[in-house]
Amino acid sequence: MSNRVSSSKSQPESSEILPEVILQADDVSVSYHGIPALQNISLEIYKNQITSFIGPSGCGKSTFLRCFNRLNDLIPETRMTGKIRFFGQSIRRMNPVEIRRRIGMVFQRPNPFPKSIYDNIAVGLRVNGYRGNLDDRVETSLRHVGLWNEVKNKLKKNALDLSGGQQQRLCIARTIALNPEVILMDEPTAALDPISAGRINDLLMTMRQYYTIILITHNLKQAALITDRVAFFNVEINSRGDRVGKLIEYAPTLDIFVNPTQQTTWDYVIPGSRYSS
Ligand code: ADP
């Protein structure tokens with residue numbers, strides 16, 4: 001794997017002033033039912049950046065993403081080795097419910113609860129014992145995602161009546177209402193039309209000042225335009241013939257798209273072109 005932050009090859013990055021590390025994965029491997037899905041992943045996620053995970057389907061991006069808030073714990077017969085640290089503390093030693101509040105998640109398909117727009121946000125707050133003013137928190141969360149003016153007169157209406165793009169912004173509002181530090185996003189715009197996806201992209205860029213975002217995307221234009229750093233994963237065949245996900249290259253977004261160090265990265269981001277270095 002080429003992590004150009006620590007590479008001596010690329011001088012400019014060695015003087016790059018890196019923000020604070022918020023999450024650190026150290027030699028993480030995951031298997032399902034004893035079959036490896038992902039092996040030996042080490043990388044650091046920087047605070048208030050958007051980091052994207054790209055790579056072909058099946059290379060373990062979602063599996064790796066779910067490691068950060070221990071969602072894989074909920075999948076039977078899943079085993080993770082290695083370590084993930086959140087602000088330096090091993091997440092294994094932390095309460096998983098607390099981790100999932102601090103590291104929220106947004107999925108590919110908007111998945112609002114079949115409840116009112118208001119309750120979609122209020123329910124999570126109540127469950128988490130929020131003691132402040134619920135109305136204010138609901139409004140602030142909806143304002144953050146640019147949805148307030150669209151829904152302020154129909155807060156009691158069912159959230160499932162909203163458009164797909166509005167539902168996804170509601171799901172983001174529901175996540176940020178809990179005041180997370182990190183938001184994991186698994187292809188959040190893949191199911192949306194280009195206009196709605198563009199609104200989410202704009203939103204993510206403004207959210208970066210408050211949150212750290214990890215974004216899985218198959219949309220290379222989205223990765224190129226809105227992210228700070230890109231991790232490219234690929235599938236390799238191990239000696240037992242298993243298809244295993246590996247981290248190939250991790251670097252600032254511009255480097256990945258303009259001057260990748262690995263042939264496979266090059267083939268993925270600029271298909272049909274030839275690697276030259
Ligand atoms: P990606 O997000 O890059 O498409 P995934 O993390 O979804 O990759 O999958 C990586 C590998 O792990 C694939 O071979 C997939 O079939 C396997 N896998 C993912 N989730 C499960 C699961 N719940 N049970 C068994 N195998 C799984």
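In this text the structure is predicted, and so the values were computed from the model without any measurement. Values reported hereafter were calculated over all heavy atoms of this structure, with side chains retained and with hydrogens, waters and symmetry mates removed. Indexing begins at 1, ligand by ligand and atom by atom, following the structure's order. Residues: numbered from 1 along the sequence shown.
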Engineer: When you look at NZ of Lys156, are more than 12 heavy atoms from neighbouring residues, nucleotides or ligands closer to it than 6.0 Å?
Structural biologist: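 More than 12 heavy atoms, drawn from other residues, nucleotides or ligands, come within 6.0 Å of this atom.
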
Engineer: For Ile75, take its heavy atoms, then give the atoms of ligand 1 lying under 4.0 Å from any of them.
Structural biologist: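 In order of numbering, the contacting atoms are 23 (N).
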
Engineer: Under 30°, 30 to 60°, or over 60°: which ring-plane class applies to Tyr211 and His144, parallel, tilted or perpendicular?
Structural biologist: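 Rings of Tyr211 and His144: perpendicular, as their planes differ by over 60°.
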
Engineer: Considering only the protein, which heavy-atom contact is closest to atom 13 (C) of ligand 1, and what is its distance?
Structural biologist: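 Minimum-distance protein heavy atom for atom 13 (C) of ligand 1 reads Gly58 O, 4.0 Å.
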
Engineer: Provide the number and element of each atom of ligand 1 under 4.0 Å from a heavy atom of Lys61.
Structural biologist: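 Close to Lys61: 1 (P), 2 (O), 3 (O), 4 (O), 6 (O), 8 (O).
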
Engineer: Decide whether an N or O pair under 3.5 Å exists between Cys59 and ligand 1.
Structural biologist: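 Yes, at least one N or O pair falls under 3.5 Å.
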
Engineer: Can you find a heavy atom in the side chain of Leu184 that is under 4.5 Å from one in the side chain of Val106?
Structural biologist: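 The answer is no, as the side chains (C-beta and beyond) never meet within the 4.5 Å cut-off.
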
Engineer: Which heavy atom of the protein is the closest neighbour of atom 8 (O) of ligand 1, given with residue, atom name and distance?
Structural biologist: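 Among all protein heavy atoms, the one nearest atom 8 (O) of ligand 1 is Gly60 N, 3.1 Å.
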
Engineer: Mark up the atoms of ligand 1 that fall under 4.0 Å of a heavy atom belonging to Arg66, in ascending order.
Structural biologist: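 This gives 20 (N) as the contact atoms.
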
Engineer: Quick check on atom 22 (C) of ligand 1 - does any protein heavy atom sit closer than 4.0 Å to it?
Structural biologist: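 Yes, there is a protein heavy atom closer to it than 4.0 Å.
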
Engineer: Using a plain distance cutoff, I'd like to know if Ser57 has any nitrogen or oxygen under 3.5 Å from a nitrogen or oxygen of ligand 1.
Structural biologist: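 N/O-N/O distance under 3.5 Å: no.
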
Engineer: For atom 24 (N) of ligand 1, grab the closest protein heavy atom and report residue, atom and distance to one decimal in Å.
Structural biologist: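 Among all protein heavy atoms, the one nearest atom 24 (N) of ligand 1 is Tyr32 CD2, 3.6 Å.
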
Engineer: Quick check: does Ala37 get an N/O under 3.5 Å from an N/O on ligand 1?
Structural biologist: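 No; every N/O pair is 3.5 Å or more apart.
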
Engineer: Can you confirm whether or not the ring centre of Phe233 sits under 6.0 Å from the ring centre of Phe64?
Structural biologist: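 Phe233 vs Phe64: aromatic centres under 6.0 Å.
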
Engineer: Would you sort out whether Gln168 and Leu162 count as a side-chain contact (heavy atoms from CB on, under 4.5 Å), showing the intermediate values?
Structural biologist: CA-CA 9 Å; Gln168 193 62 305; Leu162 295 172; over 6 Å; no

Engineer: In the protein, which heavy atom is nearest to atom 7 (O) of ligand 1, and how far is it?
Structural biologist: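 Answer, as residue, atom name and distance: Ser62 CB, 3.9 Å.
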
Engineer: Is it the case that over 12 heavy atoms from other parts of the model lie below 6.0 angstrom from the CD1 atom of Ile195?
Structural biologist: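 Open: at most 12 neighbouring heavy atoms sit under 6.0 Å from CD1 of Ile195.
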
Engineer: Any protein heavy atom at under 4.0 Å, with atom 16 (O) of ligand 1 as the reference point?
Structural biologist: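 Flag for atom 16 (O) of ligand 1 set to false, no protein heavy atom closer than 4.0 Å.
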
Engineer: Verify, without hydrogens or angle tests, whether Thr212 (side chain) and Asn48 (backbone) share a donor-acceptor contact under 3.5 angstrom.
Structural biologist: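 Flag set: sc Thr212 to bb Asn48 pair under 3.5 Å.
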
Engineer: Ignoring hydrogens and angles, state whether a donor on the side chain of Asn95 or Arg101 is under 3.5 Å from an acceptor on the partner side chain.
Structural biologist: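 No - no donor-acceptor pair under 3.5 Å links their side chains.
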
Engineer: List the steps and the verdict of salt bridge (Lys or Arg N to Asp or Glu O under 4.0 Å) for Lys152 and Glu139.
Structural biologist: CA-CA 8 Å; Lys152 64 183 176 193; Glu139 178 177 339; over 6 Å; no

Engineer: Tell me the nearest of Thr63, Leu74, Leu65, Asn234 to atom 6 (O) of ligand 1, using heavy-atom distances.
Structural biologist: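 The option holding the nearest heavy atom is Thr63.
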
